[in-house]
Amino acid sequence: MRAHAGAIIVLVAAILSLLVTISAPYVRAFDDVRVYFFGDAAGDTQAINQFRLGIWGFCQRVISDGNWVCENTGLAYSYGVQGANGNQQWVGSSWTRGLVMSPVATGFLVITTIVAFTKHHIIAALLSWWSGLVTFIFLAINLTLYLKVRAQMRHLGTIENTDFGPGFWMSLAVLILTIVAGFILLIEHRRKRTGVDNTASYRYASNGGFFSRFRK
């Protein structure tokens, strides 16, 4: 278990990243940005009190029956909402297109996990840090989307609260895990090399070293 600590950490990061990638509307709980309304607001056709933006689409909660309506739009979608003052605000596709970096990071983490368990520690460490960089880019895009949505919602004339979805915090955990895993993989590589060197030195000493051939 100890010998595979780095690989296990990468595996955990890959699983978390996969959950983020599934995202809304497939799994409503794994959205990236969510907005709560405490007044009247309208989605596409019905009054809503909450909506959630994911990688592949969005979900909105209808006030009349309390049900969730989710739409799988695919990457780079737009979403509009209308406030109590009749003002309509849109989040364009340019703001959601960059969320594709999450599945890209997941792909790299799957490769990293395979390499790490084959004990190619240096390559795995570099891949882990590269996955962390891609995850960092996704977080930056997610943060930009959050700021955009928050700014747009303040023009609706409705009391609201814009917040990060679990996908953001899970991605932050992935970033931390990839950084830690990279260092642990390098430590495991060093321990492996040190163990090989110590074993070779022990065998050499047991055989009497260079001068043992002259003892007879």
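Atom set for the values below is all heavy atoms of this structure, side chains included, hydrogens, waters and symmetry mates excluded.
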Output for pair (Gln89 CD, Arg154 CZ), nearest 0.5 Å, gives 13.0 Å
Verdict with reasoning, Phe58 to Phe51, per side-chain contact (heavy atoms from CB on, under 4.5 Å)
CA-CA 7 Å; Phe58 59 86; Phe51 72 83; 5.8 Å; no
Is a side-chain donor or acceptor of Ser23 paired with a backbone partner of Ile55 at a separation under 3.5 angstrom?
yes
OG on Ser171 to CG on Leu99, rounded to 0.5 Å:
9.5 Å
Show your working on side-chain contact (heavy atoms from CB on, under 4.5 Å) between Val10 and Leu127 and close with a plain yes or no.
CA-CA 10 Å; Val10 173; Leu127 284 172; over 6 Å; no
Pair Tyr79-Gln60, side-chain donor/acceptor within less than 3.5 Å:
yes
Phe168 pairs by side-chain contact (heavy atoms from CB on, under 4.5 Å) with which of Val20, Val33, Asp32, Leu139?
Leu139
Nearest-0.5 Å distance that lies between atom CG in Leu172 and atom CG in Leu16
11.0 Å
Sorted by chain and number, sequence neighbours left out, salt bridge (charged side-chain N to carboxylate O under 4.0 Å, His left out) with Arg52 holds for none
Does a side-chain heavy-atom distance below 4.5 Å link Gln152 with Val149?
no
Applying side-chain hydrogen bond (donor to acceptor under 3.5 Å, both in side chains), can you list everything that pairs with Thr21, at least two apart in sequence or on another chain?
Ser102, Thr106
Hey, could you give me the CG/CZ distance between Leu133 and Phe138, rounded to the nearest 0.5 Å?
14.5 Å
Tell me whether Trp130 at atom CH2 has more than 12 heavy atoms from other residues, nucleotides or ligands lying less than 6.0 Å away.
no
Measure the spacing between SG of Cys59 and CG of Leu53 and express it to the nearest 0.5 Å.
9.5 Å
Would you check, one step at a time, whether the test side-chain contact (heavy atoms from CB on, under 4.5 Å) holds for Thr73 with Trp56?
CA-CA 6 Å; Thr73 59; Trp56 312 105; over 6 Å; no
How long is the straight-line distance from NE2 of His4 back to CG of Leu11, given to the nearest 0.5 Å?
12.0 Å
Phe136, CZ atom: more than 12 neighbouring heavy atoms under 6.0 Å:
no
Linking I/L/V/M/F/W/Y whenever their side-chain heavy atoms sit closer than 4.5 Å, directly or via other members, would Ile8 and Ile123 fall into one cluster?
no
Verdict with supporting geometry, Val81 and Met153, side-chain contact (heavy atoms from CB on, under 4.5 Å):
CA-CA 8 Å; Val81 62; Met153 295 304 104; 3.4 Å; yes
